[in-house]
Amino acid sequence: MPFIPHTEADVKAMLETVGVDTIEALFDEIPAELRSDGLNELSAGLNEMEIGRLMQERAAEDGLPACFIGAGAYDHHVPAAVWEIVTRGEFYSAYTPYQAEASQGTLQLVYEYQTMIASLNGLDVSNASLYDGASALAEAVLMAVRANRKDKSRRILIPATVHPAYRQTVHTLVRNQGIELVEVPYEPESGITAVESLEPLLEEGMAAVVIPQPNFFGRLEEVDALTDWAHAHGALAIAVVNPVALALLKPPGEWGAKGADIACGEGQPLGAPLASGGPYFGFMACKQAYVRQMPGRVVGKTLDSEGRPGFTLTLQAREQHIRRSKATSNICTNQGLLAAAATIHMALLGPRGLERVAGACHANTGALVERLTRVEGVQRVFEGPVFHETVLRLPVPVDTVIRALGAQDVLAGYPLAEDYPELENCILVCATEKHGEADIEEYGRHLERILDRNRGPACTKLRPPEGTI
Amino acid sequence: MPFIPHTEADVKAMLETVGVDTIEALFDEIPAELRSDGLNELSAGLNEMEIGRLMQERAAEDGLPACFIGAGAYDHHVPAAVWEIVTRGEFYSAYTPYQAEASQGTLQLVYEYQTMIASLNGLDVSNASLYDGASALAEAVLMAVRANRKDKSRRILIPATVHPAYRQTVHTLVRNQGIELVEVPYEPESGITAVESLEPLLEEGMAAVVIPQPNFFGRLEEVDALTDWAHAHGALAIAVVNPVALALLKPPGEWGAKGADIACGEGQPLGAPLASGGPYFGFMACKQAYVRQMPGRVVGKTLDSEGRPGFTLTLQAREQHIRRSKATSNICTNQGLLAAAATIHMALLGPRGLERVAGACHANTGALVERLTRVEGVQRVFEGPVFHETVLRLPVPVDTVIRALGAQDVLAGYPLAEDYPELENCILVCATEKHGEADIEEYGRHLERILDRNRGPACTKLRPPEGTI
Amino acid sequence: MLIFEQSQSGRFNGAQAPAEAPSADDIPAHLRRKGRPTLPEVSELQAVRHYTRLSQKNFSIDTQFYPLGSCTMKYNPRGANAQAMLPGFLGRHPHAPASSHGQGVMACLFELQEMLKQVTGMAACSLTPMAGAQGEFAGVAMIRAWHDARGDETRSEILVPDAAHGTNPATAVMCGYKVREIPTDPSGDVDVEALREVVGPQTAGIMLTNPSTLGVFDRRILEIAKIVHEAGGLLYYDGANLNAILGKVKPGDMGFDVVHLNVHKTFSTPHGGGGPGAGPVVVSERLEPFLPVPMVDHDGREYRWVTESERPQSIGRLSAFMGNIGVLLRAYVYARMLGREGMERVAGFATLNANYLMARLQAEGFEMPFPDRRATHEFVLTLKHEAKTYGVSAMDFAKRLLDYGQHAPTAYFPLLVPECFLIEPTETESRETLDAFVAAMAAIRNEARDNPEIVTSAPHTLPVKRLDDVKAARELNLTWKPEPVA
Amino acid sequence: MLIFEQSQSGRFNGAQAPAEAPSADDIPAHLRRKGRPTLPEVSELQAVRHYTRLSQKNFSIDTQFYPLGSCTMKYNPRGANAQAMLPGFLGRHPHAPASSHGQGVMACLFELQEMLKQVTGMAACSLTPMAGAQGEFAGVAMIRAWHDARGDETRSEILVPDAAHGTNPATAVMCGYKVREIPTDPSGDVDVEALREVVGPQTAGIMLTNPSTLGVFDRRILEIAKIVHEAGGLLYYDGANLNAILGKVKPGDMGFDVVHLNVHKTFSTPHGGGGPGAGPVVVSERLEPFLPVPMVDHDGREYRWVTESERPQSIGRLSAFMGNIGVLLRAYVYARMLGREGMERVAGFATLNANYLMARLQAEGFEMPFPDRRATHEFVLTLKHEAKTYGVSAMDFAKRLLDYGQHAPTAYFPLLVPECFLIEPTETESRETLDAFVAAMAAIRNEARDNPEIVTSAPHTLPVKRLDDVKAARELNLTWKPEPVA
């Protein structure tokens with residue numbers, strides 16, 4: 001039997017010990033009318049060879065295209081050592097380290113993770129990870145409402161330049177607790193959030209201001225000014241950051257005069273494969289003052305009975321299994337394996353390696369934008385510095401281009417019009433350290449060809465882009 | 001620096017400790033005229049990301065065709081657990097277990113391997129593995145010459161039905177020691193070795209007779225008669241067997257009245273991927289009486305100073321590092337990782353699982369032969385029972401068929417004419433448990449189409465097969 | 001030794017870094033980082049050796065028996081891991097076009113949705129919640145959305161049995177509800193009379209696990225469902241214990257309106273030191289419009305994503321993409337490998353193992369709080385007698401078990417039972433392993449009698465001795481800091 | 001506990017077995033197996049748990065410093081493993097057509113051949129030998145084939161220095177030669193005068209390692225080459241110590257005619273508990289016709305196999321297919337990752353580490369048999385003083401080092417030096433690791449002085465205490481047998 005070790009003799013002897021005749025008899029407390037007649041709609045089991053073949057065929061269907069999509073998930077190189085170690089049974093098949101003495105591997109690793117994340121963000125402390133970047137932002141919002149002792153308001157200012165799916169997720173997760181999310185518009189020329197656009201939203205007080213860096217358009221926000229403005233008005237500053245970008249960009253803890261109070265973001269760029277969107281992990285760091293308001297698992301260093309250092313879960317009094325309805329969150333799972341991967345990933349890259357990765361992403365994105373804007377009719381939409389991503393306006397509908405490039409195994413980018421109707425025909429493109437000159441040139445050439453074809457007289461349905469025909 | 005941990009400060013301090021100024025100075029005993037001016041022809045280093053991309057492209061070039069070739073390497077399912085465990089650093093990056101106390105993992109595993117291999121072969125003992133099946137046969141031949149106390153001849157009878165590459169390898173490895181390999185022809189109708197064809201070769205005595213089961217044509221030899229004949233004439237019987245087939249076939253230790261004396265073969269079917277031909281491993285088992293003539297590493301059970309059981313390399317007095325020019329072989333490497341894979345593979349399958357694998361191979365081969373011989377002009381060449389493989393005669397040159405099927409990502413089989421000129425237009429086809437009905441039908445349909453096309457009037461160079469046109 | 005203590009400034013792992021890029025001087029100085037972060041500077045070998053050795057300090061399913069009650073620590077098939085890590089799956093961007101670069105993974109997800117509906121007896125499924133607790137959230141949020149959609153805004157309470165997982169009340173609060181606890185009757189079932197007294201027009205719903213965390217199947221579940229439904233509330237099923245009834249009873253048949261599943265429990269995806277999990281939700285027809293997005297649908301021609309635009313009543317999105325797909329793929333592989341017969345066997349053998357273990361421990365003289373009940377896939381044992389007689393607590397037993405090479409069961413939960421263990425052996429453990437656990441428990445009780453110090457000071461054979469949790473919480477040390485340079 | 005002791009008749013791992021096949025009754029009964037073999041009947045979890053736990057009982061590079069002299073235990077890059085295990089490589093049948101299904105792997109092999117020629121300064125390469133010892137065999141067999149081809153059948157002797165690896169004389173015998181040993185001079189180099197005396201028309205060649213196993217570079221190598229060549233013999237280079245000179249000196253420039261490489265040493269492929277390795281051979285032009293087949297060639301259009309049909313003078317085939325290609329792919333990836341600069345750095349840092357370690361141990365008062373010589377990538381240390389004074393042997397030191405978490409160096413080899421360690425730290429170890437080794441050695445010497453019993457009875461912290469090798473050899477127990485049923 002797959003995964004069940006019992007022999008017939010075992011079953012017989014065990015039933016005897018229990019004092020029943022059949023396994024079915026063990027279910028005799030279940031009302032008879034409830035007993036199901038089995039799972040008849042399911043198909044028969046496959047052995048590992050059979051399911052392996054099916055899965056190989058399906059994985060092959062999804063292909064291995066050249067990926068120029070970012071939009072919150074980034075195609076980075078992950079050292080082979082990372083997942084070879086992470087999938088070791090001792091990490092892979094262990095549970096939450098409730099028995100600290102038998103879990104020093106996981107616990108020390110999380111302590112190292114917390115150190116790396118806190119330092120990367122320029123903040124004091126970090127938790128052991130959350131589900132993903134979007135839900136981490138929701139937890140940060142809830143945390144800010146709990147933590148802000150100056151302003152008891154439940155209003156949160158959240159710029160439109162924050163990842164749209166993050167805003168939707170935050171909405172889902174906090175709406176039932178009477179928290180109001182106030183969207184801050186962006187400057188149409190620069191694609192960033194001006195301090196001036198915050199002023200009119202001030203009226204009723206606010207618990208926190210969310211500040212993305214880079215923002216969803218890849219643009220760099222004026223984080224110092226935004227942070228100082230938040231603090232000046234009694235709000236906490238919540239940073240939403242890309243951890244690879246932090247190798248180049250000022251860490252949240254140094255934003256403005258006092259630094260952001262809470263930082264969170266998507267950890268995927270640190271060693272998690274794209275994997276259709278998950279599992280990833282959310283990270284969260286904050287100032288020491290707010291540590292007891294932080295959700296999620298936290299590992300602390302302590303001593304054993306002989307005075308040797310060791311590690312254990314701590315601050316459990318915040319958590320649901322102790323505090324139940326008064327917990328800081330209902331979270332009990334973190335993304336342990338992903339945090340482990342990130343820790344090993346960062347250890348393998350080190351500060352200089354991560355800096356080079358960020359530098360290469362930046363340079364390649366520059367080269368990509370330069371190449372694509374050489375194609376007739378393709379324009380940059382926002383002026384100003386970027387990291388990783390840039391918004392381009394195409395002379396034809398984006399979907400046509402995405403489909404045509406997809407057929408060439410090039411993923412062109414993320415179409416913006418659904419989330420930002422004002423950005424019709426706009427696409428968000430991204431390059432990482434994996435996308436060198438040759439890939440970029442291939443994208444450029446395909447784009448040229450596709451636009452030429454779509455400009456042709458046969459495509460009468462398309463609006464002719466300005467300056468052509 | 002890739003894989004070198006030294007900082008500049010380390011280098012400086014270390015050179016100071018040594019008392020030299022530069023690393024170059026450490027090479028000052030090397031005559032100046034010998035110093036190379038560097039490895040200028042080599043290209044610059046690639047990082048893991050870059051080489052990863054190159055290798056992915058190259059692996060993709062080789063594709064993942066449906067494989068109906070056997071001929072000594074078999075496309076079996078390998079449970080995922082096997083290589084996930086084998087590539088754990090503690091197995092992967094350990095060396096030969098010279099320090100037994102620090103190598104109980106490898107040593108116990110090899111002891112378990114030896115038990116499994118000995119039992120599979122129905123013999124008393126096994127070594128820790130050899131390089132591959134072909135070189136294992138060469139070692140078995142040398143061992144038989146050392147071990148045979150009745151007949152001091154250096155003649156070995158080796159049937160033409162033994163894998164041609166094995167015979168070539170044996171020739172390479174034993175020729176310089178004055179050993180004579182006498183080829184035994186096979187019966188043209190049955191494709192097996194008749195006892196009658198051995199008789200004329202008897203004249204000058206012989207050290208051993210090699211007996212393959214199944215033989216290279218997939219045919220089952222009359223192993224009892226051959227073994228008894230060898231023993232009756234003072235020769236040892238060396239079995240060359242397929243370990244998966246042994247789940248169904250009589251083990252060498254039970255052949256004839258006294259059993260084969262030495263068994264060897266290719267271990268690849270027990271958990272090693274095809275991998276273009278290696279690394280595989282050779283296995284060898286023998287009767288207790290010959291254990292001290294066996295080449296290669298051997299692990300024995302013993303006790304520690306407190307009386308607890310443990311494992312250690314033993315019989316090292318046979319080996320080159322002790323015995324130098326008087327060693328049983330120059331071998332010092334075994335195929336440790338592959339033997340580990342085989343052990344875990346056999347533990348996961350168990351006796352019943354292995355039996356089912358062998359049964360499925362047998363059934364699928366039967367179905368394959370049945371399907372292909374339904375194609376007009378395709379015929380079975382040898383009558384009689386087979387395992388795994390069968391020789392078919394095609395109505396057109398084999399190379400044409402192999403090329404045309406290859407273009408459809410079907411590997412048709414192994415062409416026999418180069419090794420056996422009398423088997424013109426013959427191909428050795430194979431099915432394992434991985435090749436089900438649908439694959440077989442696909443092969444059959446492609447073959448029909450290809451033969452139809454090649455029978456057409458355009459292919460004038462082809463001899464028309466009997467009964468067509 | 002921490003990885004940071006092996007770091008040396010200037011050490012650089014050349015194989016893992018891209019070539020130096022041109023300086024990013026188009027980024028204004030005031031937006032740039034000045035100092036480098038405290039990441040370790042170690043060689044690849046140092047990192048590999050460090051984390052390989054760290055891993056060896058863990059207990060895990062792959063190395064030890066791990067009977068952690070309510071966590072279903074069963075074998076995580078290596079085949080599921082291997083298949084989920086195929087390059088085509090790992091390399092797929094979440095926004096890769098579904099038509100050209102997504103049909104493979106979406107086929108798996110769609111079929112998983114169907115299978116989960118079938119095993120729970122529900123009408124519709126969303127796989128997107130990223131963990132059990134998020135599945136709970138989605139479930140209660142849907143209950144709320146349903147009441148809201150009917151304009152029924154008086155409902156302010158969620159009922160939760162006192163034996164429930166802590167996530168249940170915490171979730172209810174996250175959804176804006178007040179929590180009201182329902183007591184347990186002496187037999188371990190929900191106190192139905194007490195329930196009757198508290199339901200009313202303020203009742204939004206009830207969150208139930210059945211079998212409960214007391215390791216018993218609530219025999220009056222149909223009555224409970226009727227009471228809550230008649231009061232206008234809905235029933236939420238916490239799927240943490242689904243392993244106990246897979247193929248035997250369907251939550252849908254018990255009257256539940258929404259169920260979350262923990263695939264890292266029932267469907268054997270890796271526990272991973274605490275995650276990632278995945279917490280799909282399945283619902284009855286009336287809750288279908290409220291399911292969280294995205295989901296996978298098949299339009300007869302191809303698989304496609306269902307998003308908020310066509311589900312305007314959806315509670316919305318729970319993550320930036322579509323949840324933990326890599327985890328769901330592992331669950332899919334596992335479910336397909338089990339198939340119909342395999343899935344029906346799960347509950348049977350999990351229950352056999354639990355009842356056998358309970359019977360043997362009972363025969364050894366250990367006390368069960370509900371001795372007349374069948375164990376389900378798990379059971380509760382109380383060490384209050386041992387605590388009183390020998391001064392040896394459940395915690396001490398737990399720590400001493402580690403020395404016997406066995407992970408401890410869940411201790412001190414459920415909160416109702418003093419000095420308790422919640423023991424869940426799972427169906428993938430052999431009888432020999434269960435016997436070894438009984439032997440260890442018996443041996444520890446003998447030690448408690450003859451030499452309690454060895455138990456109360458355990459563990460003795462692990463990398464550290466017993467750790468000081470109080471110090472950890474009082475003198476918070478959550479990150480390493482470099483020694484100040486003298 | 002052995003896996004067999006966990007077996008139970010009738011236990012069956014359903015996920016790994018194909019469906020039952022129709023009985024193979026076309027196979028005659030007298031050719032069929034009757035009883036089942038003694039393979040264990042365990043569940044997948046039991047097997048995974050057993051072998052995972054077994055692995056933890058090993059020392060390895062990934063977990064410990066492993067300064068095993070002459071074995072070059074350096075970091076085995078995980079990236080090389082991952083790339084070699086790509087499905088396209090793993091799934092390729094050795095007889096898959098080269099044109100349609102082999103150009104990827106053959107490109108790697110061809111480029112590896114070229115790189116090995118370049119680093120050794122030789123003219124041609126065959127990758128096919130499956131291990132160092134098979135490379136040695138191929139080398140000497142080529143020397144023999146060369147003499148034979150010239151009709152020179154008087155040459156019956158191979159010269160081997162007394163410090164050589166045991167494989168050298170064993171190989172010479174396998175090739176039908178008699179072995180004559182050459183002594184070492186007091187400085188550690190080959191005794192050239194003694195060599196001069198024994199060369200002659202009977203000399204087929206000499207097998208040399210340079211640097212030698214004494215950890216020194218033989219300074220008179222050009223003179224040696226001249227003497228042997230003038231006598232009509234050829235020079236064989238044992239590549240075991242190539243790590244010491246990579247990028248610094250090429251064996252071709254020293255006058256060698258044939259070189260074997262151990263890719264599991266110099267090119268960092270896994271040691272794997274003793275294999276698999278690969279032992280490519282590279283040769284000067286005159287030996288090229290004799291190289292073992294197959295090799296990879298490029299005909300301007302595509303890669304193709306070179307076989308015996310176009311190399312009639314080849315010594316022939318050494319394996320059923322083309323050797324350990326999976327190992328060679330790992331070596332290829334490693335070589336490409338190092339590249340020119342990386343490869344040139346190997347010898348420098350390996351030598352720096354060895355000299356540093358030697359200097360520090362010398363400063364601690366340990367004795368070096370060749371104190372005036374530079375260390376190469378390794379060096380010899382003798383504990384004869386410690387043995388005499390404290391009664392603590394090199395073996396005892398070795399076993400005690402294990403308690404300090406360090407694998408022992410090679411002990412009692414080379415045979416010339418009493419109570420010796422041959423210590424090779426490799427370039428991938430950090431200075432801190434070397435310092436820890438020095439500290440352990442010094443601590444053990446103190447123990448030997450103060451409390452020798454703790455050293456002579458070591459190890460104390462491993463899964464077993466010191467094992468009885470004599471009993472193992474005397475009471476041979478090589479396979480498990482079931483307990484007889486009473």
Side-chain angles (χ1 to χ4, degrees), chain A residues 5 10 14 18 23 41-42 44-45 48 55 58-59 61-62 89-90 92-96 101-102 104-106 115 119-120 131 134 165 168 172 176 273 275-279 300-302 304-305 310 314 320-321 324-325 327 330 333 335-337 347 350-351 353 356 359-360 362-363 406 433, chain C residues 17-18 21 24 36-39 41 47 54-55 57-62 79 83 86 88 90 94 100 104 118 130-131 133 166 169-171 175-176 179 270-277 316-317 320-321 324-326 339-340 342 348 351 355-356 430-431 462 464-465 467 472 477-480:
Chain A
D10 284 335
M14 292 169 79
V18 176
I23 290 179
E41 294 152 303
L42 296 184
E48 187 185 295
M55 294 301 277
R58 288 187 172 168
E61 261 188 271
D62 293 351
E90 300 95 321
Y92 187 79
S93 76
Y95 198 47
T96 305
E101 296 84 358
Q104 288 296 297
T106 290
T115 302
S119 169
L120 206 51
Y131 303 139
Q168 291 160 23
T172 307
N176 291 327
S276 285
K301 190 173 174 184
T302 186
D304 75 359
S305 58
T314 192
Q320 47 72 29
H321 66 287
R324 303 179 72 86
S325 64
N330 74 340
T333 306
Q335 302 282 101
L337 276 186
R356 285 203 188 179
H362 189 65
E433 80 281 10
Chain C
R36 289 201 171 99
T38 307
L39 302 183
E41 299 178 73
L54 269 194
S55 78
K57 296 186 177 178
N58 270 3
F59 276 35
S60 68
I61 306 174
D62 278 10
Q83 302 313 329
L86 288 168
L90 282 192
S100 61
Q118 289 159 7
M130 290 179 289
T171 298
C175 291
V179 173
H271 297 80
R317 171 181 281 290
F321 304 107
N324 289 338
I325 289 184
R340 184 173 49 239
T351 303
N355 278 282
Y356 173 75
S430 67
R431 182 185 170 205
L462 297 183
V464 289
K465 299 203 91 176
L467 289 164
N477 175 343
L478 308 185
T479 59
W480 177 83

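Predicted, not measured: the structure shown is a model, and the values here were computed from it. Lettering follows sequence order; numbering is per chain, from 1.
- When the candidates S55(C), A24(C), A472(C) are compared by the number of heavy-atom contacts under 4.5 Å with chain A, S55(C) comes out ahead.
- S119(A) places no side-chain N or O within 3.5 Å of a backbone atom of P37(C) that could act as its donor or acceptor partner.
- At least one side-chain heavy atom of Q335(A) sits under 4.5 Å from a side-chain heavy atom of N324(C).
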* Evaluate side chain to side chain contact (heavy atoms under 4.5 Å, CB included) for T314(A) paired with L478(C), printing each intermediate quantity in order. => CA-CA 9 Å; T314(A) 192; L478(C) 308 185; 3.9 Å; yes

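- Considering only heavy-atom pairs separated by less than 4.5 Å from chain A, the leading option among C175(C), S60(C), G88(C) is S60(C).
- If you measure heavy-atom distances from V179(C) to chain A, the contacts under 4.5 Å come from the side chain alone.
- Contact tally against chain A (heavy-atom pairs below 4.5 Å) for G272(C), G339(C), G176(C): the top residue is G272(C).
- Between chain C and the options T106(A), T96(A), T115(A), D10(A), heavy-atom pairs under 4.5 Å are most frequent for T115(A).
- Of the listed residues (H362(A), E41(A), E101(A), Q104(A)), the one with the most heavy-atom contacts under 4.5 Å to chain C is E101(A).
- A94(A) approaches F59(C) most closely through the heavy-atom pair CB-O, 3.4 Å.
- Residue Q168(A) touches chain C through both its backbone and its side chain, counting heavy-atom pairs closer than 4.5 Å.
- If you tally non-hydrogen atom pairs under 4.5 Å between each of A134(A), P279(A), G300(A) and chain C, the highest count goes to P279(A).
- Each of I23(A), D62(A), V18(A) has some count of heavy-atom pairs under 4.5 Å with chain C, and the biggest count is that of D62(A).
- Counting heavy-atom pairs under 4.5 Å between each of S93(A), G350(A), G277(A), G336(A) and chain C puts S93(A) at the top.
- Counting heavy-atom pairs closer than 4.5 Å to chain A, the top residue among H271(C), K57(C), R317(C) is R317(C).
- Atom CG of L54(C) sits about 11.0 Å away from atom CD of E90(A), to the nearest 0.5 Å.
- Here the closest heavy-atom approach between residue A17(C) and residue G353(A) is recorded as CB-CA, 4.1 Å.
- Counting heavy-atom pairs closer than 4.5 Å to chain C, the top-ranked of the candidates P351(A), A360(A), G359(A) is P351(A).
- Within the 4.5 angstrom heavy-atom criterion, atoms from both the backbone and the side chain of A44(A) approach chain C.
- Contact of the L337(A) side chain with the P276(C) side chain is registered, since non-hydrogen atoms from C-beta on lie closer than 4.5 Å.
- Ranked by heavy-atom pairs under 4.5 Å with chain A, the list G342(C), A131(C), G277(C) is led by A131(C).
- Here the closest non-hydrogen pair linking K465(C) and S305(A) is CB-OG, 3.4 Å.
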